[in-house]
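Structure first, then comments.
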Amino acid sequence: MATAADSGDGTPDWDYAPSSRPAAGPESLAKANDHRPVSGKNLKAGPPSTKDSAGVWQVNRTNVTLSNTVTDADDDTANLTFQVYTTDGNGNPKDQVKLTDPDTGKPAAYGVVVSDFVTSGGKASVTLRYGDLKTNTTYAFRTSAFDGTLYETDWSSWAKFHTRGRAVSITLPEPNKDAPTVNQDSHQEPQAIAQPDVKPAPPTVPPIGLGASEGWSCGELNKKTAIQPCSRLRPDDSKKTRDALTKGMNEAKAALPRLVDWCANLVNSHIKRYEACIGSFKYEYVGVVIKDGKPTGEVLNASWAVGQEVKLSGNSATFTQQLTLVPVEIDAKFGSVTLNVEFDCLLADRCSSSPQSWDGALVWVGADPFSHSAVGKIDHTWNAANKADTLDLSTKITAYSPVANAAASRWQADGAQIRCDKISATTPGCAFHKYVPTWVMNFDKAPPAVAHAWLIQAKLPNHPGSKAANKPLFYLPAAAKNAPGRDPDENRKVICPDGWAATYGNPDTTTVPEISSGDKASCDEFAYASTYNSGGMPAGIGGMNEVDTGNDCVQTYATRVKQGEWHLYDDVRVDAPTWKEVCGRSAMSGWINSTSMGGAFSSGFSGKYRLLDKDPYWVDFPQFAHCDASKVTVTCKVPKP
């Protein structure tokens, strides 16, 4: 016998007859001896169709697939009607969930969904439409069979399932279309390089009484005075040396002129993309007094604090270097010491130099050793013979006095090697190519795109672009400018095929037509398509993280939950991230996506700093410094409350 009928529009009592709400079609009693179909006892929810210890199916998404077997004694085909309820605190069914028709997207009749017909003993299933169920929630479901004429008289037993929680929930502000351009220069910190490699320079005579291993380069013995001259360049990061290079020897005077302003009081040698500070060392010139071929123990000492600064130009083949010499000690017995400075731009066929100019004489009198400092400048010009050349600057100081012959030392900072090119732009320019610049996205203008890049960098084991993890991105310029001839758009098409966002992206993705009329959903990938780190870059031509498709990446989307509040969420229509992926794919506003990079990167960064093929760079997210990506679920509010 069928249970009680129901004719109302509300949620009926538990015992209403399925036939009283014939979602699968009208019942017919024409066949008097026909048997009614029966739901099985194999209720499952998935994927992945696994139960916890309490018998609750654990589902890794919210568009759940429900199934059960169905049999019919007449071997008729049959289908199943699936009904879903919320549960109370005790896990009992509470309120019916009004489901959506998966095919039409409209409310389903009676709030239930019906499977296709299957053969007797087969498994009938339905996949609930995204949006019907909440995340991290327990539901109960049951089924009722229909063979085209007769309904099952009752519902099956209940089965429970639990949807997965969100793995990502980053709270963000509204995009500001009028946000100013990020000043990339303000984010470029000095990068330490090795101190200069110091080599002896002719004349080179074995020292008497001094160890060659200590860096001394010596000249011929002055036979009249029995003094052998020696010189060396020695690292010295003492406060006295740093102060000398800032103020000279007279605290009352104005600070010494700077070619590179951030060199002041800097310890050791550093570079930026267009500037170098080669410092924290001292040039020493000594006279070793010799008698009968042996040192007497008397040594005349002279020394100078030395600071070298170089300033390049991103849009010129000419660049400048400056050398500062501040006397620290001049032995009066020298009478005077004269320095000769040679600035060499290696190789000579690649570079020409203008005459050097000095503010302050290069002669210091022993009677008044601290009378002045000397600051010299010189310009060099790359001859632009090739599309790209590397240049090395080498400096030589030769010292001599009336009582001692000449001794010389030469140094070269390999970390400050210069690369000049006509590839990144038709206008030649030069950069310190060993400096790794930092790209900072415009958070105020495109919060979701920045959040997506931060998430992937911070959470994935390959940490693309992370300075802290020493995992730079490697630039892939246009096909004509990279070694494998790979069009970066081909990388994009692997991760973000044309039309993917509109067809497969999360339907809750928010666009901003109020900012850009006609704005459409777009696909954003990180690491960027224009890098060797992109998941779309084939390993055979240098790709570091090759995947088959963008489906292999972490899936997220950006949505406005209310005016003034956006969220970057993981896409709960698919498995939760394992956080072992090597790339990220996110559905978001096309305007936000294109604004986050576009011209801002090409003109404000890659072009500005003359990046060439495979050049490394960092990506930094200062607004996310307070966010913790170590948790299983990544939650953060940006900017920091």
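Just the heavy atoms: all of them, side chains too, but no hydrogens, waters or symmetry mates, feed the values below.
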What residue among Trp158, Trp155, Tyr139 forms ring pair (Phe, Tyr, Trp, His ring centres under 6.0 Å) with Tyr85? Trp158
Measure the shortest side-chain to side-chain distance between Trp439 and Ser606 over non-hydrogen atoms and say whether it is less than 4.5 angstrom. no
Any side-chain donor-acceptor pair under 3.5 Å between Asp615 and Tyr435? no
Distance-only polar pair, side chains of Thr556 and Ser586, donor-acceptor under 3.5 Å: yes
Hey, is CZ on Phe117 packed in by over 12 heavy atoms from elsewhere, all under 6.0 Å? yes
Within the 3.5 Å criterion, strictly below it, is a donor on His187 or Thr438 matched to an acceptor on the partner's side chain? no
Does a side chain donor of either Asn491 or Tyr528 reach within less than 3.5 Å of an acceptor in the other side chain? no
Go through the side-chain N and O atoms of Thr510 and Thr559 and say whether any donor and acceptor fall under 3.5 Å apart. yes
Distance-only donor-acceptor check, side chains Ser39 and Thr143, under 3.5 Å: yes
Looking only at side-chain N and O atoms, does Thr62 offer a donor or acceptor that is under 3.5 Å from a partner on Thr135? no
NZ of Lys471: more than 12 outside heavy atoms within 6.0 angstrom? no
With no hydrogens and no angle check, do the side chains of Gln417 and His433 hold a donor and an acceptor under 3.5 Å apart? yes
Please examine the side chains of Thr87 and Lys94, heavy atoms only from C-beta on, and report whether any two atoms are closer than 4.5 Å. no
Output, in order, the C-alpha distance, side-chain angles, deciding distance and verdict of salt bridge (Lys or Arg N to Asp or Glu O under 4.0 Å) for Arg61 and Asp575. CA-CA 6 Å; Arg61 61 196 63 190; Asp575 294 6; 2.4 Å; yes
For the residue pair Asn482 / Tyr475, report whether a side-chain donor-acceptor contact shorter than 3.5 Å exists. no
Can Ser115 and Asn79 be counted as having a side-chain donor-acceptor contact under 3.5 angstrom? no
Glu490 (side chain) donor-acceptor with Pro488 (main chain) under 3.5 angstrom: no
Distance-only side-chain donor-acceptor flag, Arg142 / Asn68, under 3.5 Å: no
Within a radius of less than 6.0 Å around CG of Asp116, do more than 12 heavy atoms belonging to other residues, nucleotides or ligands occur? no
I'd like to know if the side chain of Ser466 and the backbone of His463 have a donor-acceptor N/O pair within less than 3.5 Å. no
Should we say atom NZ of Lys434 is surrounded by more than 12 heavy atoms from elsewhere, each under 6.0 Å from it? yes
Regarding Trp566 and Glu174, is there a side-chain donor-to-acceptor distance under 3.5 Å anywhere? yes
Salt bridge (Lys or Arg N to Asp or Glu O under 4.0 Å) between Asp570 and Arg164: does it pass, once the steps are laid out? CA-CA 11 Å; Asp570 57 311; Arg164 76 167 177 90; 2.6 Å; yes
Salt bridge flag under 4.0 Å for residues Lys272 and Glu189: no
Do you see a donor-acceptor pair shorter than 3.5 Å between the side chains of Thr100 and Asp132? yes
Partner residues of Asp444 under the side-chain hydrogen bond (donor to acceptor under 3.5 Å, both in side chains) criterion, sequence neighbours left out: none
Side chains of Tyr617 and Leu611: does their closest heavy-atom pair fall under 4.5 Å? yes
Heavy atoms, side chains only, cut-off 4.5 Å: are Pro464 and Ile456 in contact? yes
With sequence neighbours left out, write down each residue that passes side-chain contact (heavy atoms from CB on, under 4.5 Å) with Ser424, or none if nothing qualifies. Asp421, Arg610, Leu612
So Glu546 and Pro538, do their side chains get closer than 4.5 Å, heavy atoms only? yes
I want to check something: taking the side chain as every heavy atom from C-beta on, are Met544 and Met537 in contact at a cut-off of under 4.5 Å? no
Any heavy-atom pair between the side chains of Pro616 and Leu473 that's under 4.5 Å? no
Closer than 4.0 angstrom, basic N to acidic O: yes or no for Asp571 and Arg585? no
Side chains of Thr171 and Glu565: donor-acceptor distance under 3.5 Å anywhere? no
Is there a side-chain contact between Phe141 and Gln83, using heavy atoms and a 4.5 Å cut-off? no
Going through the distances and angles, do Ile170 and Lys637 end up as a side chain to side chain contact (heavy atoms under 4.5 Å, CB included)? CA-CA 6 Å; Ile170 301 174; Lys637 186 173 183 179; over 6 Å; no
Distance-only donor-acceptor check, side chains Thr511 and Asp519, under 3.5 Å: no
Distance-only side-chain donor-acceptor flag, Trp262 / Glu275, under 3.5 Å: yes
With a 6.0 Å cut-off on the ring centroids, do Trp454 and Phe526 count as close? no
